[in-house]
Number of protein chains: 2
Amino acid sequence: MRIGELADRAGVSTRALRYYEEQGLLRSSRTAGGQRVYPPSAEDRVRLIRELYTAGLTSRVIAELLPAVDARHVGPELLARLLDERARTAAKVAELQAAGQRLDALIALATHPDSDACPATLDQAAARGSAP
Amino acid sequence: MRIGELADRAGVSTRALRYYEEQGLLRSSRTAGGQRVYPPSAEDRVRLIRELYTAGLTSRVIAELLPAVDARHVGPELLARLLDERARTAAKVAELQAAGQRLDALIALATHPDSDACPATLDQAAARGSAP
DNA sequence: CTAGAACTTGACGTCAACGTCAAAGGCAAA
DNA sequence: TTTGCCTTTGACGTTGACGTCAAGTTCTAG
């Protein structure tokens, strides 16, 4: 398949696909005229790349990661980085959930106009952590 | 307190504090000489701002949100945006957790060099969602 | 009163993952 | 062959939350 079809299938732009290639995340063969050609497996590869981006990894880290995925072998140095990134995502999840509770408190403020618990949730959570 | 102390206490840069003020997120009184002065409550305010940033909200949205927090009253239009943002954070949490499992699979690959389950987790999760 | 740390505004720099535009060439169908 | 969509490389633009530097002012300890 060519770049347009892959973009459609994977739900990204052609610009993104060229960018991924430029960053060493995605390979392609070429037609005689120089146009990029991808195997069907490229779709899953792009989805994986997107997912790793979603995890907050940079293209540089992903570029180091993908060969290990393909070879199914992770060296000790890369493992250290993986543990680091995993901790980072876990922390981010926790932060996001905490922030989500802030939003919930605000939403409760709007939907239950005269509850007493809401203000406490809004103001004091930051001051004393998150547990009561 | 002045800007440097607030920055230290809240764990942000002075540049960030001035930026928050510029964006209408943080107020300050001034000394006769024009230097910013903050009340002790500003520390919690900054932490709240940081938390909302962490939730993925932009400064513009936060600027609309904070008055509602102070007034403890959320209008219907803002409520709609809140529900939207809350859904966004929930989705982001889910994505982050999915991506975290990818990282876990890679980590397992490094720590249990010859398990059979790992490759499946690595490759096929994207192809069929996330449930087995 | 004076050194020097802390503060002021203003303005340009950064970084990542693309968006967008331009000019040119490739490809498939009629 | 011609029409017209797809693709190519190259290069500049965007966005958000600050970083950073500069030149000048204010505050405070001694």
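Sequence lines set the chain letters: A, B, ... in the order given, protein chains first and strands last, and positions in each chain run from 1. Owing to the predicted nature of the structure, the values given are computational and were not obtained by experimental measurement.
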Length of the line joining [X]:[atom1] and [N]:[atom2], which is rounded to integer Å:
X       : N      : atom1 : atom2 : value
A:Leu6  : D:dC6  : CG    : P     : 15 Å
A:Tyr19 : D:dT7  : OH    : C1'   : 21 Å
A:Tyr53 : C:dC18 : OH    : C1'   : 9 Å
B:Gln35 : C:dA5  : CD    : C1'   : 11 Å
B:Leu17 : C:dA6  : CG    : P     : 15 Å
A:Asp8  : D:dC5  : CG    : P     : 16 Å
B:Leu57 : D:dT15 : CG    : C1'   : 16 Å
B:Arg15 : C:dG10 : CZ    : C1'   : 10 Å

(message) For a side-chain hydrogen bond (donor to acceptor under 3.5 Å, both in side chains) check, start with the C-alpha distance between B:Arg30 and B:Gln35, then their side-chain angles and the critical distance, and finish with the verdict.
(response) CA-CA 5 Å; B:Arg30 300 295 181 114; B:Gln35 297 196 354; over 6 Å; no
(message) Is it the case that the side chain of A:Ser28 and the backbone of A:Tyr38 share a donor-acceptor pair, with hydrogens and angles ignored and the cut-off at 3.5 Å?
(response)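 Pair absent, no side-chain N/O of A:Ser28 close to backbone of A:Tyr38.
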(message) For A:Gln23, is there any backbone N or O sitting under 3.5 Å from a side-chain donor or acceptor partner on A:Ser59?
(response) no
Candidate nucleotides [options], ranked by approach to the side chain of [X] - the nearest:
X       : options               : answer
B:Arg50 : D:dT8, C:dC18, D:dC18 : D:dC18
B:Thr58 : C:dC18, D:dA17, C:dT9 : D:dA17
A:Arg2  : C:dC27, C:dC18, D:dT8 : C:dC27

(message) With a 4.0 Å cut-off on N to O distance, would you call A:Arg60 and A:Glu85 a salt bridge?
(response)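 No.
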Under 4.0 angstrom between [X] side-chain N/O and [N] OP1 or OP2:
X       : N      : result
A:Arg18 : C:dT20 : no
A:Arg30 : D:dT9  : yes
B:Ser13 : D:dG19 : yes
B:Ser59 : D:dG16 : no

(message) Categorize A:Thr14 for me: base, sugar-phosphate, or nothing, with a 4.0 angstrom heavy-atom threshold over every strand shown.
(response) nothing
(message) With nearest nucleotide decided by heavy atoms, which residue, B:Tyr20 or A:Glu5, maps closer to the 5′ end of DNA chain D?
(response) A:Glu5
(request) Check the pair B:Tyr20, B:Arg27 against side-chain hydrogen bond (donor to acceptor under 3.5 Å, both in side chains), reporting the backbone distance first and the verdict last. (result) CA-CA 9 Å; B:Tyr20 296 161; B:Arg27 289 183 316 173; over 6 Å; no
